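First the structure, in the form of structure tokens, and then the observations on it.
Naming convention: chains lettered A, B, ... in sequence-line order (proteins, then strands); numbering from 1 in each chain. Note that this is a predicted model, so its numbers are computed, not measured.
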Number of protein chains: 2
Amino acid sequence: MKLKDFAREIGLSPTTVSRALSGYPEVSASTRVRVMEEAARLGYRPNINAVRLATGRAGAIGVVMTKAGDYQFSEFISGMADRLSSEDTDILITPMIGHDPGDELQLYRRLAESRRVDAVVIHSPLPNDPRIALLDRLKLPFIVHGRSVTDVPHAWLDIDNEGAIRQSTEHLLDLGHKHIALLNGREGLTFTLDRLKGYRQALTDRGIPFDPKLVSHGDFTDEIGFRFARSALKQRPQPTAFVAGSMMTALGIYRAARSMNLVIGRDVSVVAHDDVFPYLTAENMVPPLSTTRSSIRAAGKRIADLLLQILAGQQASDIQELWPVELILRETSRPAPEEASV
Amino acid sequence: MKLKDFAREIGLSPTTVSRALSGYPEVSASTRVRVMEEAARLGYRPNINAVRLATGRAGAIGVVMTKAGDYQFSEFISGMADRLSSEDTDILITPMIGHDPGDELQLYRRLAESRRVDAVVIHSPLPNDPRIALLDRLKLPFIVHGRSVTDVPHAWLDIDNEGAIRQSTEHLLDLGHKHIALLNGREGLTFTLDRLKGYRQALTDRGIPFDPKLVSHGDFTDEIGFRFARSALKQRPQPTAFVAGSMMTALGIYRAARSMNLVIGRDVSVVAHDDVFPYLTAENMVPPLSTTRSSIRAAGKRIADLLLQILAGQQASDIQELWPVELILRETSRPAPEEASV
DNA sequence: TTGAAAGCGGTACCAT
DNA sequence: ATGGTACCGCTTTCAA
């Protein structure tokens, strides 16, 4: 059933029906109620494509699937979905084509040109991220999940990566650890740099020298955690503690320690960052893992909310949220073992 | 730039331009080439919403996010995205509202009515799944990832769950295990029933009695794996092997065994089903995990492909794919320990 | 092979 | 408060 038929059916003009259904103020309350009831009864629904063509709105928020196999992705999306379920806005997943950084820019360009999304989310920004400059130029509204360093004013939401890692490192230093390894994210990303900053700051404050051999970069996989932890644990002096970027890398560290007959929480301390996943929880690990915690699901939810605000006219450059991160002590951060002669 | 302007610009009618760009046969080759070149040069792109209104196509495939925190979700979506990146078809994630089964049906109804997707994917079907009957009635094309048991003819793609678990169980029986526990999926789902069937079949074939206390149901989380494994390992006779539904439950079993000072691969054997995740791989576990393997990413890719075929006119009821599952032996499936006096 | 014009199903301006 | 109607930008029938 189309608007015209429906309107005729209930003896009103298409205009009035459209207004009643869209919540315009100039319709009388009684008419509105009647229209809504009739619509429900007769099962009338506006054709979404017609609405979009007429209004110019796409009714969707775009998310580019940057790379395969990011296990944080679904939690984030799920958070967005949570917020958007009450709106008439969908999430549009656009596959990343090719592998060059240039391909990704091309993708955003096409997304903007095809007008199939009203706004997009940018993940894992670089300092001075070219996507930000591009979207600003294309005038496609966006919000950055994470932070960049750029002159282009824009909306962003980030967790306090620097503070989180500083806290973790300080906590381990408090426990007497002198050789603390850091499993950082992919090189070049802003959050990776922020984490390094937090780590170095904590060391500097205590007068502990920075040793680049104790820092690694890479994706958050169990594999990379395992490899780096093993090689780090073979160094002398042996590190007595790890600050891990994610739950997956922490799993790798556990595995590496076991493979070398070291006991987590006794020989080796670990603090990891936990994005909070329903299927793998820090308190359930053996031993329970000390973490800095920040829900990526909550971030997705809030980001959807902020985008809706931007689309409603809110100034994007006014939106900047830095979320604090909570350090939760469990059983993997323990006093450093006595200095052994190695 | 709109079609009209573009057409005027290059001295042709909108009709011809439209046809040239959409690959209609009646346009002369030279005209087509010229139009395409000019379009690229002048940056003309059809407005997607206008196309959709005119054609009635939504240009998107819908996926309902059934529940939060499914770590398989992003791999599957990523596979779909892979196939769709060359098409003008997006993936639309629709958040699940509410928690009743009825809410989900309502959601599909709205999805169909709003015509914002051309087709949908159904996950985790029940035998005789009501969603299938509904979509069939609503005439919204769909494919089932998994299988149902229904009179409604429909497209589906599934892995051979029964065969996979039968193989795993037989393998463990071959190794002399007599008490094999099964960590199955959520109760009532078709794949859960299929897996149980495979397990029981293998036992029956060897004349081993079925013990319901050795079977558990639930989500694929580390937590559930841990809990069930611990309680199973406290039973007498103690199970000497586990067939696990997922990598996450396998992690839980590893953890449970360690917490009871049992050694995986010696005291306790494990075979798990692996959906293949880039961030957590069976060969990297300690010890490397024997698995039945089937890529969920490949399934997503193929499902997108099949949906495109259906949208192109292929008969949905002709599409039924059952994927075999490969058993890969690593170090966690070993001969049963000598019968101990307990 | 090309073009004119009537849809597709709404929204929103301008009247009343 | 309600209605008439010109768009929104493309596709597709029909005619040439």
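- Residue side chain B:Arg52 does not reach the base of C:dG9 through any donor-acceptor N/O pair under 3.5 Å, judged by distance alone.
- Between A:Glu38 and A:Arg41, at least one side-chain N (NZ, or NE/NH1/NH2) sits under 4.0 Å from a carboxylate O, which counts as a salt bridge.
- Rounded to an integer number of Å, the gap from CZ of B:Arg19 to P of D:dC10 is 16 Å.
- Put simply, CG on B:Leu53 is 4 Å from C1' on C:dC8, counting in whole angstrom units.
- Between A:His123 and the options A:Phe73, A:Phe191, A:Phe76, A:Phe142, a ring pair (Phe, Tyr, Trp, His ring centres under 6.0 Å) holds for only A:Phe76.
- When rounded to the nearest whole Å, the span between CZ of B:Arg116 and P of C:dG9 equals 17 Å.
- For the pair B:Lys4 and D:dC10, the criterion of a side-chain N or O lying under 4.0 Å from OP1 or OP2 is not met.
- Phosphate proximity of D:dT2 to A:Thr31: present, with a side-chain N or O under 4.0 Å from OP1 or OP2.
- Residue-level contact check: B:Thr55 touches the backbone only, with heavy atoms under 4.0 Å from sugar-phosphate atoms and none from bases.
- Within the nucleic acid shown, A:Ile48 has no heavy atom closer than 4.0 Å to any nucleic acid atom.
- The base of C:dA12 does not come close enough to the side chain of A:Ser18 for any donor and acceptor atom to sit less than 3.5 Å apart.
- What you find for A:Ser13 and A:Ala7 is that their closest heavy atoms are C-CB, 3.8 Å.
- Between the CG atom of B:Asn47 and the P atom of D:dG9 there is a distance of 6 Å, rounded to whole Å.
- Side-chain nitrogen and oxygen atoms of A:Tyr24 include none within less than 4.0 Å of the OP1 or OP2 phosphate oxygen of C:dT11.
- Comparing A:Ala54 and B:Ala50, the nucleotide of DNA chain C nearest to each residue sits closer to the 5' end for B:Ala50.
- For a distance-only test at 3.5 Å, the side chain of B:Arg45 fails to qualify as a donor-acceptor partner of the base of D:dG9.
- In this structure, B:Leu21 places its CG atom 10 Å from P of D:dC10, rounding to the nearest Å.
- When each of B:Pro14 and A:Leu3 is assigned the nucleotide of DNA chain C with its nearest heavy atom, B:Pro14 is the one assigned upstream, toward the 5' end.
- As rounded to whole Å, 12 Å separates atom C1' of D:dG3 from atom CD of A:Glu26.
- B:Asp5 and B:Lys2 are not joined by a salt bridge, as no carboxylate oxygen comes within less than 4.0 angstrom of a charged side-chain nitrogen.
- Going from atom NZ of A:Lys2 over to atom P of C:dT11 covers 14 Å, rounded to whole Å.
- Under a 4.0 Å N-O distance rule, the pair B:Lys139/B:Asp118 does not qualify as a salt bridge.
- Residue A:Tyr44 is classed as a sugar-phosphate contact, given heavy-atom separations below 4.0 Å to backbone atoms only.
- Phosphate proximity of C:dG3 to B:Ser13: present, with a side-chain N or O under 4.0 Å from OP1 or OP2.
- Across all strands shown, B:Thr15 has heavy atoms under 4.0 Å from base atoms, whether or not it also approaches the sugar-phosphate.
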